[in-house]
Amino acid sequence: MEFNIEIGDGVSAAVDYIRNNFQDGLDGIATVIEWVADGTFIALDIMPWWLLTALLVVLSLWRVGWKFSLFTLGAMLLVVGMGLWEETVNTLALVLTATFIALVVGIPIGIAMSRNDTLETLVRPILDLMQTLPPFVYLIPAAMFFGLGKVPGTIATIVFAMPPVVRLTNLGIRQVSEENVEAGLAFGCTDWQLLSKVQFPLALPTIMAGVNQTIMLALSMVVIASMIGAGGLGNTVLTGIQRLDVGLGFEGGLGVVVLAILLDRITQSFGHGATGGLFSFLKSVFATGSRAEGHSGTRDEAKEASPAHGRNG
Amino acid sequence: MSDAALQQPSARDDARQEADEDRIVVENAYKIFGGNPDEAYRLLGEGKTKDQIFRETGATVAVQDASFTVKSGEVFVIMGLSGSGKSTMVRMLNRLIDPTFGTVSINGQNITAMNRKALIDLRRRDMSMVFQSFALMPHQTVLENAAFGLTVSGRDKADREARALEALEAVGLGQNARSYPSELSGGMKQRVGLARALANDPPVLLMDEAFSALDPLIRTEMQDELIRLQREHRRTIVFISHDLDEAMRIGDRIAIMQDGRFVQIDTPDKIVSEPANDYVRSFFRNVDVTQVFKAGDIADPGVQPGDGVTEISADASLDEVLSIVSNADGPAPVTGEDGKRLGAISKTALLKTFDKSR
Ligand SMILES: Nc1ncnc2c1ncn2[C@@H]1O[C@H](COP(=O)(O)OP(=O)(O)O)[C@@H](O)[C@H]1O
Ligand SMILES: [Mg+2]
């Protein structure tokens with residue numbers, strides 16, 4: 001007796017149904033993502049290689065230290081020398097785009113989870129599942145709904161990279177000490193003030209650890225997403241594999257490793273070691289008033305305040 | 001609650017207090033965590049204890065049938081062992097914890113019936129709080145921390161920084177405005193906590209074991225600081241403590257909590273001279289009363305001083321009192337700082353006080 005369960009047919013039907021009925025929504029998502037991705041790529045690509053390199057070196061010097069800035073310089077020269085500049089910028093743009101959208105969506109989800117136990121118990125198993133699925137799995141629905149190219153690649157990356165920041169935002173806010181929350185309330189905070197003036201800032205070191213992990217996952221996924229046409233360094237690796245060109249594959253891989261180290265060290269520096277640094281950085285970016293003073297002495301405190309060092313993405 | 005709850009101000013209160021209005025009025029307040037509160041309430045009525053009720057229903061009776069009044073300008077200390085409901089009680093005064101039953105009124109307004117917006121206004125304007133673990137914001141400077149309440153209530157930057165700086169100067173931290181909390185010692189951190197509470201100039205201060213995390217020397221220093229601040233500007237303070245020395249030093253009245261109930265609310269000297277039960281007595285069993293009391297504390301306004309007996313000032317130690325009273329023919333007159341007669345101390349009264357410390 002034959003026993004067939006036609007899951008494939010069912011899924012196809014469901015995909016068709018969604019595509020037929022929610023095409024506008026899908027198009028909207030695709031447009032937004034394409035817009036952000038293109039914007040990021042253009043912003044990076046418009047710079048000559050030496051300018052972007054100089055910016056990264058300065059960032060390394062400011063956030064990490066002079067030794068690391070030398071590494072950054074060497075690494076960028078290596079990338080240029082290998083003739084992979086365009087691909088590297090492309091990958092960097094995709095990582096930044098996917099990370100940006102993952103944070104914009106993921107941080108509010110994490111905040112909502114921290115305020116609602118029911119939501120937490122619902123979302124937690126979904127996050128667990130998302131993190132155990134092999135990354136390739138994300139390519140299939142992305143390709144089904146959005147075809148091939150940069151947009152489905154970015155979407156697969158967003159979905160794959162989002163869990164850590166959701167998880168650690170939730171955790172970070174729940175870990176804020178009870179007395180600090182009470183202090184906020186006792187001085188008359190509204191819900192929004194409590195979140196923006198107490199919970200979020202105190203959770204920031206933990207949230208930044210999540211951001212770091214999300215970036216790392218995004219980088220690993222962008223490489224895989226080249227299989228559905230996302231382009232960039234992943235493409236170089238893929239071509240190397242397809243042509244059995246070990247040298248080319250290795251060069252592509254080296255580019256990815258270089259990016260990984262750069263992104264990791266720089267984002268980690270925002271997570272711990274310098275809350276004050278991040279705050280004055282954010283302040284200098286967003287603040288309306290000017291306030292340059294007050295750097296000193298925040299390093300120790302940030303170490304105390306940061307429960308999550310390092311990463312395990 | 002025991003009937004020993006005397007609401008009468010002591011001689012000391014009379015001397016210090018002009019405005020004598022009721023600032024905080026708590027009537028039959030209960031807090032029951034978890035379980036079925038109505039059921040727990042019914043069992044309390046049957047005379048069941050907190051432990052029995054927890055075993056039977058899973059509900060924790062944190063505070064039961066609390067009623068007391070705090071006068072304007074009074075320092076009201078709540079004492080009790082850990083778990084006796086002090087923190088819960090003080091949090092019902094600004095509704096960080098909602099009472100399960102009963103009412104709390106501040107300045108004649110029933111806050112248990114207030115909506116959210118009115119409650120937020122009340123917290124911004126009329127009361128602030130100091131915490132045991134300081135609860136400062138590590139990412140903000142000392143100045144920003146002190147200005148926290150003002151920031152929250154939307155004061156503009158120049159105004160709030162000026163006021164915060166003033167508050168910091170009042171607690172001796174004007175020089176540290178630009179530091180971060182991590183750079184300060186425990187005592188300094190709590191001065192920031194105090195400055196934050198004083199910055200919006202609230203009539204009511206709630207202090208939950210505010211000095212308990214500090215080492216003894218610093219703790220005494222902070223108590224002196226508080227006494228000094230009270231002398232400059234009297235506020236109504238509800239102060240939680242588990243330390244009798246502290247309660248005696250700063251309290252105009254002391255309320256003792258046991259298993260969520262107030263077993264005695266009295267002036268410090270009454271607490272020592274007429275403890276309501278053994279639980280209350282246990283607090284000063286190991287305390288050297290002669291070190292706690294000054295002449296002013298045990299002066300009895302109802303006693304006539306003997307003729308020609310040397311005047312004693314209110315802050316004279318009991319050792320000094322002893323040397324005078326033991327050689328005198330009658331009770332010794334006690335005079336306050338302002339020259340007002342507080343009462344007199346008889347030999348018997350003095351002996352009774354010494355007896356308490358054994
Ligand atoms: N949020 C809560 N949920 C359940 N029980 C609580 C809660 N807060 C306090 N309690 C219980 O209420 C009682 C009084 O606690 P608390 O007011 O903190 O006492 P204190 O401050 O005197 O040590 C204790 O038995 C404590 O376990
Ligand atoms: Mg407590």
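No experiment lies behind these values; they were computed from the predicted model shown. Labels below follow one simple rule: chain letters A, B, ... track the order of the sequence lines, proteins then strands, and each chain is numbered from 1.
Atom CD of B:Gln175 has 12 or fewer heavy atoms from other residues, nucleotides or ligands within 6.0 Å. The environment of CZ in B:Phe54 is sparse: at most 12 heavy-atom neighbours from other residues, nucleotides or ligands sit within 6.0 Å. In the displayed structure, A:Phe71 atom CZ is contacted under 6.0 Å by more than 12 heavy atoms of other residues, nucleotides or ligands.
For A:Ala183 against B:Met137, the heavy-atom pair with the smallest separation is CB-CE, 4.4 Å. Minimum heavy-atom separation, A:Gly188 to B:Ile120: O-CG2, 3.3 Å. Across B:Arg116 and A:Cys189, no two heavy atoms sit closer than the pair NH2-O, 4.4 Å. Across B:Leu96 and A:Ala186, no two heavy atoms sit closer than the pair CD2-N, 4.0 Å.
Looking at A:Gln193, the atoms closer than 4.5 Å to chain B (heavy atoms on both sides) all sit in the side chain, from C-beta outward. Proximity to chain A involves both the backbone and the side chain of B:Phe131, based on heavy atoms less than 4.5 angstrom apart. Of the two parts of B:Arg125, neither the backbone nor the side chain holds a non-hydrogen atom closer than 4.5 Å to a non-hydrogen atom of chain A. Proximity to chain A is absent for every atom of B:Leu119, based on heavy atoms less than 4.5 angstrom apart. Neither the backbone nor the side chain of B:Arg95 comes within contact range of chain A; no heavy atoms are under 4.5 Å apart.
Within the 4.5 Å cutoff, the side chain of B:Arg123 has heavy atoms near those of the A:Leu185 side chain. With a 4.5 Å cut-off on side-chain heavy atoms, A:Val198 and B:Phe148 count as touching.
Summarising the geometry, atom CG belonging to A:Leu202 is positioned 8.5 Å from atom CD belonging to B:Gln140; distances are rounded to the nearest 0.5 Å. Interatomic distance, OG1 of B:Thr151 versus CZ of A:Phe187, reported as 11.0 Å (0.5 Å rounding). Separating the CD atom in A:Glu179 from the CE atom in B:Met129 is a distance of 7.5 Å, to the nearest 0.5 Å.
Of the listed residues (B:Arg91, B:Gln132, B:Met127), the one with the most heavy-atom contacts under 4.5 Å to chain A is B:Arg91.
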